[in-house]
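Heads up, the thing below is written out as structure tokens.
Every chain is numbered from 1, with letters handed out A, B, ... down the list of sequences.
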There are 2 protein chains.
Amino acid sequence: MPVQPSECPVESVISILSGRWKIPIYRYLFINNKPVRYSELHRHLPSISKKMLTEQLRELERDGIIERKSYPEPRPRVEYTLTSSGRSMIVFLDQMSDWGQHHNQNKRDEREDII
Amino acid sequence: MPVQPSECPVESVISILSGRWKIPIYRYLFINNKPVRYSELHRHLPSISKKMLTEQLRELERDGIIERKSYPEPRPRVEYTLTSSGRSMIVFLDQMSDWGQHHNQNKRDEREDII
DNA sequence: CTGTATCCTACAAGATACTG
DNA sequence: CAGTATCTTGTAGGATACAG
């Protein structure tokens, strides 16, 4: 039997973040740092479909990264925010970003060495 | 047009690590900290097929995480090691692991609150 | 405004057999 | 020993239409 997904914390974190739109959504919620409406997210993410946006939001919610609040007013309104646990991912996300940039730079350097 | 994969370092790091066997392979190479043969990896990973093992190794190599050395002896031998850049991923992988464990604990606590 | 419901395609991943 | 080559399947992701 292969490893269970939940058996390794690293693998489960990666799978939490592995959707096509997870990081863009996370980034927007992080930077804005306030409740953000569904329509605002949709406006901000140029080419996502409503179906995908809803799917990715539901997954992030299920995984405890974001919180969804619905206000059933005459004009329905739904707002999303990062949970504090979700927000705290920034620690390793920042380090991943740094590592990624250095790593790309190294690979560029190697290519130029060859040329 | 959606975001290019390379445009965001975080997304490219996630995609580097997103194969089914990437983390198990990484972990084994990291812990052993010496050149590891193809057959040893295959023996260690209970249910991976040779096709998948080769595929995942090729991707990790392409992405600069591991190095492949082939010794075309009478009994062919191929050894894999982490590159120094690959090895340095441990910094954020450790933090992801910590975050994942706390996050799971939080979610368990919440469930018990409800019950 | 905030979604569902369907249908479709591409690609990751697995099973199995074969090879230098 | 260290792989390829083929075939099949499951699922993520996208297009489009409809709905409370």
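- Of the side-chain N and O atoms in Arg58(B), one or more sit less than 4.0 angstrom from OP1 or OP2 of dG3(D).
- When only modelled atom types and interatomic distance are considered, Glu11(A) and Ser15(A) share no side-chain donor-acceptor pair under 3.5 Å.
- Contact check, Gln56(A) against dG13(D): a side-chain N or O comes under 4.0 Å of OP1 or OP2.
- To the nearest 0.5 Å, the span separating CG on Leu29(B) from CG on Leu82(B) amounts to 5.0 Å.
- Between the side chains of Asp109(B) and Gln105(B), at least one donor N or O lies within less than 3.5 Å of an accepting N or O.
- Here dG3(D) presents its C1' atom at 14 Å from CG of Leu41(B), a figure rounded to the nearest Å.
- In this structure, CG of Leu45(A) is placed 15 Å from C1' of dG14(D), rounded to the nearest angstrom.
- Residue Met52(B) contributes atom CE, which lies 14 Å from atom P of dT4(D) at whole-angstrom precision.
- The side chain of Ser49(B) places no N or O atom within less than 4.0 Å of a non-bridging phosphate oxygen (OP1 or OP2) of dA15(C).
- Rounded to whole Å, atom P of dG3(C) lies 13 Å from atom CD of Glu55(A).
- Salt bridge absent: Lys34(A) and Glu79(A) never bring a charged side-chain N and a carboxylate O closer than 4.0 Å.
- Under the 30°/60° scheme for interplanar angles, the aromatic rings of Tyr80(B) and Tyr38(B) are found to be tilted.
- A straight line from CD1 of Ile25(B) to P of dA13(C) spans 11 Å, rounded to a whole angstrom.
- For Lys51(A) and dG14(D), a side-chain-to-base donor-acceptor distance below 3.5 Å is present, hydrogens and geometry of angles not being considered.
- Note on Thr54(B): every side-chain N or O is 4.0 Å or more away from OP1 and OP2 of dG3(D).
- Contact annotation for Ser70(A): no contact, since no heavy-atom pair falls under 4.0 Å across all strands.
- Candidate nucleotides dG3(D), dT16(D), dG14(C) were compared by shortest atom distance to the side chain of Trp21(B), and dG14(C) ranks first.
- Look at Lys22(B) and Glu59(B) and you find a salt bridge, because one of the NZ, NE, NH1 or NH2 atoms lies within 4.0 Å of a carboxylate O, short of that distance.
- Atom pair Arg20(B):CZ and dA12(C):C1' shows a separation of 12 Å (rounding to whole Å applied).
- In the set dA2(D), dG3(C), dA13(C), the nucleotide with an atom closest to the side chain of Tyr80(A) is dG3(C).
- Neither OP1 nor OP2 of dA2(D) sits under 4.0 Å from any side-chain N or O of Arg77(B).
- Residue contacts for Glu59(B): at a heavy-atom cut-off of 4.0 Å it reaches no nucleic acid atom on any strand shown.
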- For Leu17(A) and Ile65(A), run side chain to side chain contact (heavy atoms under 4.5 Å, CB included): C-alpha distance rounded to whole Å, both residues' side-chain angles, the deciding distance at 0.1 Å, then the answer. CA-CA 10 Å; Leu17(A) 296 175; Ile65(A) 309 305; 6.0 Å; no
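- Contact annotation: Arg68(A) reaches the phosphate of dG3(C) (side-chain N/O to OP1 or OP2, under 4.0 Å).
- To the nearest angstrom, P of dC1(D) lies 8 Å from NZ of Lys50(B).
- Salt bridge Lys50(A)/Glu55(A): absent, no basic N to carboxylate O contact under 4.0 Å.
- Residue Pro76(B) places its side chain closer to dG20(C) than to any other of dG3(C), dT2(C), dG20(C).
- We find that CG of Leu53(B) is positioned 16 Å from C1' of dA12(C), with the value rounded to whole Å.
- From one end of the helix from dC1(C)-dG20(D) to dG20(C)-dC1(D) to the other, with five pairs defining each end axis, the axis direction shifts by 50° (rounded to 10°).
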